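Below is one structure, written out as structure tokens; the observations come after it.
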Amino acid sequence: PYIIRISNLCRYYTMGDQTVKALDDINLDFRRNDYAAIMGPSGSGKSTLMNILGCLDTPTSGRYELNGQHVADMDDDELARIRNREIGFVFQTFNLLPRLNCLRNVELPLVYAGVEPEERLERARQALEQVGLVDRIDHKPGELSGGQTQRVAIARALVNHPSIILADEPTGNLDTATSHDIMEIFSKLSDAGNTIILITHEEDIARFTRRIIRLRDGRIESDSAP
Ligand code: ADP
Ligand code: ADP
């Protein structure tokens, strides 16, 4: 029942006669409901791993299976579909459009997916409800606190009902109390069946998850409960 299976995965960067092993023989599985933090010093391979998990980058060698399908065998259309429907992305800097209100920001992935306007609004509202933000529907990102803004970004990531949420330092710009609220939202989402994988530098944040994967020099140093 693994949603993600990674075996003997390597990602090398070659520049001139130098090769950097950003990921070096990684074996890693994730189940539905997993709530995992990826930790490790700068340069240990965290971003590279997230980019591969998000189908934004391809490994040099090894296998990545998503829902039993080999990602390497997928064509561009299938990869685009996976990135839009199966995976929701959340970023440290939120990446919302400043001129659109919350509802329109959250609705945007559904516009790209070709969903009808009425259904779009209904689903955007539902996603905002999931993150506890229905009362701010008409506000623009600049009119919200950092925590509220990140909730909108999470709602946008959820609106296509993805099975996996990938978050790169989602609490990096938030104060402690707000960060904890965001981690609780992810916890509820994982209980509801989403696979949540996030990068963080902070032990205090990682302990909200159920699994901490530590990378060092492109290898898994440890993988255990907090
Ligand atoms: P983080 O803040 O997550 O540790 P980095 O600052 O290491 O991320 O990297 C930011 C981005 O720059 C990443 O997308 C990564 O792929 C890219 N990058 C990192 N190191 C190099 C490098 N030596 N040459 C080119 N691009 C790099
Ligand atoms: P982290 O996110 O943990 O800081 P990265 O995955 O960004 O680590 O980087 C892992 C290693 O790969 C580092 O040595 C980095 O310099 C290198 N690297 C990352 N992206 C690139 C790139 N686009 N070109 C060359 N080297 C890269």
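Numbering of ligands and ligand atoms starts at 1, following listing order. Fair warning: this is a prediction, and the values are worked out from it, not measured in the lab.
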> In ligand 2, which numbered atoms sit nearer than 4.0 Å to a non-hydrogen atom of Pro41?
Replying inline: 3 (O)
> Taking both backbone and side-chain atoms of Gly45, is any N or O found less than 3.5 Å from an N or O belonging to ligand 2?
Replying inline: yes
>> Checking the side chain of Asp24 only, and the main-chain atoms of Arg219 only, is there a donor and an acceptor separated by less than 3.5 Å?
In response: no
>> In this structure, does ligand 2 have an atom that sits under 4.0 Å from one of the heavy atoms of Met15?
In response: yes
> Side chain of Thr171, backbone of Leu174: donor and acceptor closer than 3.5 Å?
Replying inline: no
> Thinking salt bridges, do Arg211 and Asp223 make one under a 4.0 Å N-O criterion?
Replying inline: yes
>> Does this structure show an ion pair linking Glu203 with Arg214, if we count only N-O contacts that are shorter than 4.0 Å?
In response: yes
> Counting each atom of ligand 2 from 1 as listed, which ones have a heavy atom of Ser44 under 4.0 Å away?
Replying inline: 1 (P), 3 (O), 8 (O)
> Does the Arg151 side chain pair with the main chain of Val131, one donor and one acceptor, at a distance under 3.5 Å?
Replying inline: yes
>> Are there over 12 heavy-atom neighbours, none belonging to Asp75, within less than 6.0 Å of that residue's CG?
In response: yes
> Considering only heavy atoms of Ser42, which atoms of ligand 2 have at least one such atom less than 4.0 Å away?
Replying inline: 4 (O)
> Quick one: does ligand 2 sit under 4.0 Å from the side chain of Thr48, the backbone, both or neither, non-hydrogen atoms only?
Replying inline: both
> Quick one: which of Gly218, Gly43, Ala22 has a heavy atom closest to atom 12 (O) of ligand 2?
Replying inline: Ala22
